Q: 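Okay, handing you the structure first.
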Amino acid sequence: MQALLRKYAVKLAATGLCAPGDALLAALDDELAWSHTGDVRQPLMQEVFAGLNISALLLARPSGVYQAVMAELARQALADGSASITPGDCETRTFLHDLPVVDGLGEDGLSAEGVIQALRQRKGCVVLHEGVAHVAAFGTVSPEQAFVTMSSMCFACFVAYFAEHLRRARLGTLTPTLTPERRKAFARITALLPPDRGETDGLPELASGPFETEDAARQAMIQAGRHTVEYGLVDSYFGNISYRLPIHGNDTILISQTGSSLDELGPCIDPCRLDGSSCSGLTASSEYSAHKAVYEAETAGAEMAGAGARAILHGHPRFSVILSLDCERLDCPRLGECHRACDTPRVVADEACGLSVPIVPGEVGTGPFGLCNTLPPALTATTGGKRGAIVYGHGLFTLGAVDFRDAFATLMDVEHFCRAEYFRRVAGLGAG
Ligand SMILES: [Zn+2]
């Protein structure tokens with residue numbers, strides 16, 4: 001158990017969410033097992049454990065830009081009396097709801113009681129103690145749940161903070177919404193952003209297709225998935241990936257399983273037959289229906305164009321998600337319904353590098369506003385070497401002609417462009 005707890009502590013640091021050695025995890029084995037010992041937070045963790053019916057608990061201080069955005073949002077949430085952070089992205093809507101904020105400035109520092117109360121309501125909470133944001137998160141069956149909640153909270157706060165700043169800048173054209181304090185915080189937080197990997201790093205070496213065997217395709221998926229997490233284009237556990245493999249006319253889609261970690265796909269890839277004759281439909285990604293519909297639309301289109309896409313890569317790149325939340329229509333009657341019913345054609349476009357990526361609404365699942373209805377027509381309508389579509393407040397889907405090289409490059413290009421475009425818009429509104 002201790003090895004597993006250490007694994008997640010190391011993984012949180014490796015993905016830049018907290019400093020090495022900071023995350024403290026505990027899990028109930030025969031007795032309480034710890035990721036490390038000799039930590040002053042252990043008595044507090046024990047108290048929280050005793051107050052909840054859980055099997056694993058995580059306490060960590062996010063670092064760098066994640067610490068800065070979380071502390072800033074927590075400070076605002078306590079100041080305005082809401083004591084909760086409400087991000088608008090899909091990952092949070094479906095996975096976390098809002099994030100309770102606990103004022104940790106008790107007489108004896110961090111108070112277990114506040115954390116227990118908050119964790120009775122939600123999977124994780126933010127504790128603001130002496131200006132520093134701490135994350136507390138639990139698992140009912142495994143420490144992985146606590147790890148996923150923590151990384152999801154960091155993602156949610158990052159997106160929420162930058163999206164809110166741009167929203168306020170737009171509203172500011174009507175009423176002043178950016179106080180000098182908020183402007184100062186924005187400059188401080190922006191300076192903490194890690195370098196744009198689209199600028200500093202080249203593309204990773206990825207296997208070249210077309211892949212004719214299931215094994216070759218699986219290896220390529222495992223490799224592309226690992227790099228997608230490693231390049232920060234999705235958090236482990238989220239995102240998905242698939243490849244269409246024609247075997248003697250019986251088209252098969254290989255797709256990552258629901259709840260699998262994109263950087264540890266290994267055996268977590270399911271074969272699903274396109275004709276529906278056999279499919280591990282129960283474990284396949286929750287976005288399987290969307291992938292399937294894209295391949296079907298691509299196959300239909302290929303008869304005219306000559307080649308349909310064989311690969312789909314889906315990540316949650318932060319600035320692509322943030323930019324999808326930005327809208328100039330401040331008086332739109334569909335405000336609040338954007339993620340399912342936006343009917344304004346929107347696009348992220350950069351003529352200079354041939355980028356034109358539509359932003360579409362779409363809920364996870366197969367309902368009338370489901371991704372499987374909104375995404376395929378948007379993706380299939382794209383042309384050229386950089387094919388992708390952003391789903392509002394959710395993430396980016398990209399296509400690969402025969403392998404994941406172009407799908408990965410598009411994922412990076414779009415995120416690189418969206419990051420630069422975000423700061424152009426902020427500066428253009430005088431809020432930089
Ligand atoms: Zn997703």
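Note that this is a predicted model, so its numbers are computed, not measured. As a basis for the values below, the full set of heavy atoms in this structure was taken, side chains included, without hydrogen atoms, waters or symmetry mates. Note that the numbering runs from 1 along the sequence shown for the chain.
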Q: List the atom of L265, the atom of S260, and the distance in Å for their closest heavy-atom pair.
A: CD2-OG, 3.7 Å

Q: Test your reading of the model: is there a side-chain donor-acceptor pair from S261 to the backbone of D263, 3.5 Å cut-off?
A: no

Q: Between F408 and Y231, is the gap from one ring center to the other below 6.0 Å?
A: yes

Q: Without swapping roles, check the side chain of T190 against the backbone of A187 for a donor-acceptor pair under 3.5 Å.
A: no

Q: Less than 4.0 Å between a side-chain N and a carboxylate O, is that true for E264 and K7?
A: yes

Q: Before accepting this row, confirm whether a basic side-chain N of the pair R75/E72 lies closer than 4.0 Å to the acidic partner's carboxylate O.
A: yes

Q: Check whether any side-chain heavy atom of R424 sits under 4.5 Å from a side-chain heavy atom of E421, and report yes or no.
A: yes

Q: With E298 as reference, evaluate L379, I312, T380 under the side chain to side chain contact (heavy atoms under 4.5 Å, CB included) test and give the passing residue.
A: T380

Q: Distance-only, no hydrogens or angles: does the Q145 side chain make a donor-acceptor pair with backbone N or O of F138 under 3.5 Å?
A: no

Q: For R226, is there an ion pair with E230 - N to carboxylate O distance below 4.0 angstrom?
A: no

Q: Taking the side chain as everything from C-beta on, heavy atoms only, tell me whether Y161 gets closer than 4.5 Å to F186.
A: yes

Q: Would you say S256's side chain and I241's backbone share a donor-acceptor pair under 3.5 angstrom?
A: yes

Q: What is the minimum heavy-atom distance between A136 and V115, and which atoms define it?
A: CB-CG1, 3.8 Å

Q: For the residue pair L325 and V159, establish whether any side-chain heavy-atom pair is separated by less than 4.5 Å.
A: yes

Q: For D80, does the CG atom sit with more than 12 other heavy atoms under 6.0 Å from it, leaving out its own atoms?
A: yes

Q: Would you call R419 and E415 a salt bridge, using N to O less than 4.0 angstrom?
A: no

Q: Could you go through R122 and L99, starting from their C-alpha distance and side-chain angles, then the distance that decides it, and tell me whether this counts as side chain to side chain contact (heavy atoms under 4.5 Å, CB included)?
A: CA-CA 7 Å; R122 295 287 183 256; L99 310 175; over 6 Å; no

Q: Roughly how far, to the nearest 0.5 Å, is CD of E164 from OG1 of T86?
A: 10.0 Å

Q: State the OG-CE distance between S142 and M1, to the nearest 0.5 angstrom.
A: 8.5 Å

Q: Answer yes or no: is there a donor N or O on one side and an acceptor on the other, between the side chain of S320 and the main chain of H316, under 3.5 Å?
A: no

Q: Are the side chain of T398 and the backbone of A407 linked by a donor-acceptor contact shorter than 3.5 Å?
A: yes

Q: Tell me if the centroids of the rings in F319 and F158 come within less than 6.0 Å of each other.
A: yes

Q: Any non-hydrogen side-chain atom of L128 less than 4.5 Å from a side-chain atom of D103?
A: no

Q: Strictly below 4.0 Å, N to O, side chains only: are R387 and D406 in salt-bridge contact?
A: no

Q: Knowing that exactly one of R170, R167, R346 qualifies, which makes a salt bridge (charged side-chain N to carboxylate O under 4.0 Å, His left out) with D326?
A: R170

Q: Would you say the side-chain atoms of Y243 pair up with the backbone N or O of V402, donor to acceptor, closer than 3.5 Å?
A: yes

Q: What are the two closest heavy atoms between P271 and R218, and how far apart are they?
A: CD-NH2, 4.1 Å

Q: Can you find a heavy atom in the side chain of S208 that is under 4.5 Å from one in the side chain of R405?
A: yes

Q: Run the side chain to side chain contact (heavy atoms under 4.5 Å, CB included) test on D39 and L59 for me, step by step, so that the C-alpha distance in whole Å, both residues' side-chain angles and the decisive distance to 0.1 Å come before the verdict.
A: CA-CA 11 Å; D39 192 304; L59 200 61; over 6 Å; no

Q: Do the rings of F162 and F423 sit parallel, tilted or perpendicular, given the 30° and 60° boundaries?
A: perpendicular

Q: Between M412 and R197, which heavy-atom pair has the shortest distance, and what is it?
A: CE-O, 3.4 Å

Q: How many angstroms lie between atom OG of S84 and atom CD of Q121, to the nearest 0.5 angstrom?
A: 11.5 Å

Q: Closest heavy-atom contact between H227 and E205?
A: NE2-O, 4.2 Å

Q: Nearest 0.5 Å, please: how far is OG1 in T149 from OH in Y237?
A: 8.5 Å

Q: Quick one: are V65 and P194 in side-chain contact, heavy atoms under 4.5 Å?
A: yes

Q: Check for a donor-acceptor pair, side chain of E363 on one end and backbone N or O of G370 on the other, with a separation under 3.5 Å.
A: no

Q: Does M153 reach the side chain of K123, with side-chain heavy atoms less than 4.5 Å apart?
A: no

Q: Would you give the length of the straight line joining atom CZ of R310 to atom CG of L245, rounded to the nearest 0.5 angstrom?
A: 6.5 Å

Q: Regarding E113 and Q117, do their side chains bring together a donor and an acceptor under 3.5 Å, going by distance alone?
A: yes

Q: Does S55 reach the main-chain N or O of T140 with its side chain, forming a donor-acceptor pair under 3.5 Å?
A: yes

Q: Whether the side chain of S324 engages the backbone of I359 through a donor-acceptor N/O pair (distance < 3.5 Å, no angle test) should be reported.
A: no

Q: Taking NZ, NE, NH1 and NH2 as the nitrogens, is one of them in R318 or D235 under 4.0 Å from a carboxylate oxygen of the other?
A: yes

Q: For residues L411 and L396, determine if any side-chain heavy atom of one lies less than 4.5 Å from a side-chain heavy atom of the other.
A: yes

Q: In terms of ring plane angle, is the pair H314 and F397 parallel, tilted or perpendicular, where the classes change at 30° and 60°?
A: parallel

Q: Give the minimum heavy-atom separation between G209 and D403, together with the two atoms involved.
A: N-OD2, 2.7 Å

Q: Which value, rounded to the nearest 0.5 Å, describes the distance between E296 atom CD and D251 atom CG?
A: 9.5 Å

